[in-house]
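Scroll down for the structure; my scribbles are underneath it.
So you know, we letter chains A, B, ... as the sequences are listed, proteins then strands, and number each from 1.
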Amino acid sequence: MNVQDRIDRRRSARREQSIVVDWTHLSPVVHRPEPIGRGPVLEQLLDAFEPVFDDELPEPVAVVGPPGSGTSAIVTALFDALDDRLGESSRPIETTTRAGGGTRVTSFVAVDARRVESAFAFYRTLLSALSPEPVPESGIGTGDLRDRLRERLDRPSRRAVVAIDHHDEPETLGYDRARQLLEPVTERVSTVAVGQDEPDGWTGETVSVPAYRHHELVDVLTDRASTGLAAGAVDHELVRDLAVWADGNAHDGLAALFTAARAASDAGADRIGAEHVQRAKASVPEGSVNVDRALAVSETRQRVLLDLVSIEARDRPIREVAAAISDRSELTTGTVKRFLYELADRGVIERVQLPGSGSGRRPSTVEPRFPTVVFQSLSSSTDVDMALD
DNA sequence: ACCTGGTCCCGGGCTCGGTTTT
DNA sequence: AAAACCGAGCCCGGGACCAGGT
């Protein structure tokens, strides 16, 4: 965002007497182009990628870190910057006729395995990152896309480093699967596995991202608050409190900060108070998963999740919950039921066993495992009046 | 044995590029 | 050049069937 935009935001926030200048700066799913306090990890990654500066492919690398440690944030920031320097965009128009094969290009593509699950989607994502022309979204075969990708990379001067982000979450594109899909272009592509753990049987190099220490997380939250909130809208002590509570998990910390801002803003308060922070903590479940995992599911499923948080689902068996949700939507009870089971498999919601009721198998209910208020605010299927500007 | 929860899978419809026919 | 058609992936509906409890 440029300076003009920042000034405009301030002015409109002031006019509307809002304590929030820009929600995106508070969002846990938006990454900073310059990660805070991650210098050492960036250096380690640059070491691992060193060969690209000699136009060689690096060896595969695994980047691992606990939830909320910012592995995705670091990799996306680094990949954006590297692609900017070494990718196609920085080079003059390629002169294919020139002797020597033209300039060498190394593209850096981070694939979000949460959103790219099928072979088709995988090839499509790579192709649209590697080629300037638009790639069809449907109406074309997977094999066709794979052939196009091979053609695209079938020149000695072209190579790509592909990160598979979130490869080790349930129902996402696994690292081995991605390697398998890349077999036709294996000479031109190196891969980076980004997740909480290394892929099974990993023998390559690993870069570990430690959880944030308390004072580092304070810096992260303060940085976001300083650009996202109006001046003096939050006390430093409250930010410290949040950082300690989040215990090194930047996602949880940001989700709570976002929710506290939402609560204060909805209440028309002129600053975030302790009571808002209190409520915010309560709306981030224990052992919460990243809200982006809920935001990555299809729109109809997101609507089911929104209904789930707005009905009273506690202690009611799945059958009843599904019926209640299908009453509010176009979907049949059977479909909602299936969705709920699938979402539980993905880890977005959690199944909790209920006491048995007479005969039959013991029922269970489902509870959200994501920060509900953040999800409600950011979901694409949210009603307009709830959505953010 | 019987009941209900939970899993799995497939047919059909939808959208949308690409291809053939008019 | 336009229209009709085809086939791709993806999503929803729904039913068959398996698992675990009384």
Residue closer to the 5' end of DNA chain B, A:Glu342 versus A:Arg319 (nearest nucleotide):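 Nearest-nucleotide comparison on DNA chain B picks A:Arg319.
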Nearest non-hydrogen partners of A:Val52 and A:Pro58, listed with the distance: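 Distance-wise, the nearest heavy atoms are CG1-CD, 3.5 Å.
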Value in whole Å for how far the [atom2] atom of [N] lies from [atom1] of [X]:
{"X": "A:Leu340", "N": "B:dC8", "atom1": "CG", "atom2": "C1'", "value": "17 Å"}
{"X": "A:Gln302", "N": "C:dC11", "atom1": "CD", "atom2": "C1'", "value": "15 Å"}
{"X": "A:Glu320", "N": "B:dG6", "atom1": "CD", "atom2": "C1'", "value": "17 Å"}
{"X": "A:Lys337", "N": "B:dC9", "atom1": "NZ", "atom2": "C1'", "value": "14 Å"}
{"X": "A:Leu354", "N": "B:dG5", "atom1": "CG", "atom2": "P", "value": "10 Å"}
{"X": "A:Glu330", "N": "B:dC14", "atom1": "CD", "atom2": "C1'", "value": "16 Å"}
{"X": "A:Phe122", "N": "C:dC10", "atom1": "CZ", "atom2": "P", "value": "14 Å"}
{"X": "A:Arg124", "N": "C:dA8", "atom1": "CZ", "atom2": "P", "value": "18 Å"}

Under 3.5 Å: donor-acceptor pair, side chain of [X], backbone of [Y]:
{"X": "A:Arg188", "Y": "A:Arg155", "value": "yes"}
{"X": "A:Arg159", "Y": "A:Asp55", "value": "yes"}
{"X": "A:Arg362", "Y": "A:Leu354", "value": "yes"}
{"X": "A:Gln302", "Y": "A:Leu295", "value": "yes"}
{"X": "A:Arg158", "Y": "A:Leu153", "value": "no"}

Do any side-chain nitrogens or oxygens of [X] fall under 4.0 Å of OP1 or OP2 in [N]?
{"X": "A:Thr332", "N": "C:dC12", "answer": "no"}
{"X": "A:Ser364", "N": "B:dG5", "answer": "no"}
{"X": "A:Tyr341", "N": "B:dG6", "answer": "yes"}
{"X": "A:Arg301", "N": "C:dC12", "answer": "yes"}
{"X": "A:Arg351", "N": "B:dG6", "answer": "yes"}

Going by distance alone, is a donor N or O of one side chain under 3.5 Å from an acceptor N or O of the other, for A:Arg32 and A:His25?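 Yes, because at least one side-chain N or O of A:Arg32 sits under 3.5 Å from a partner of the opposite role on A:His25.
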Nearest heavy atom decides the nucleotide; on that basis, is A:Gln353 or A:Thr335 closer to the 5' end of DNA chain C?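 Looking at DNA chain C, the more 5' nearest nucleotide goes with A:Thr335.
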What about [X]: does its side chain form a donor-acceptor pair under 3.5 Å with the base of [N]?
{"X": "A:Arg338", "N": "C:dG13", "answer": "yes"}
{"X": "A:Arg361", "N": "B:dG5", "answer": "yes"}
{"X": "A:Arg362", "N": "B:dG5", "answer": "no"}

A:Tyr212 six-ring face occupied by A:Arg38 cation (under 6.0 Å, within 45°):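 Yes - A:Arg38 lies over the ring of A:Tyr212, closer than 6.0 Å to its centre and within 45° of its axis.
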Where along residues 131-149 of chain A does a heavy atom come under 4.0 Å from DNA chain C, residue by residue in number order?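 Output list: A:Gly139, A:Ile140, A:Gly141, A:Thr142.
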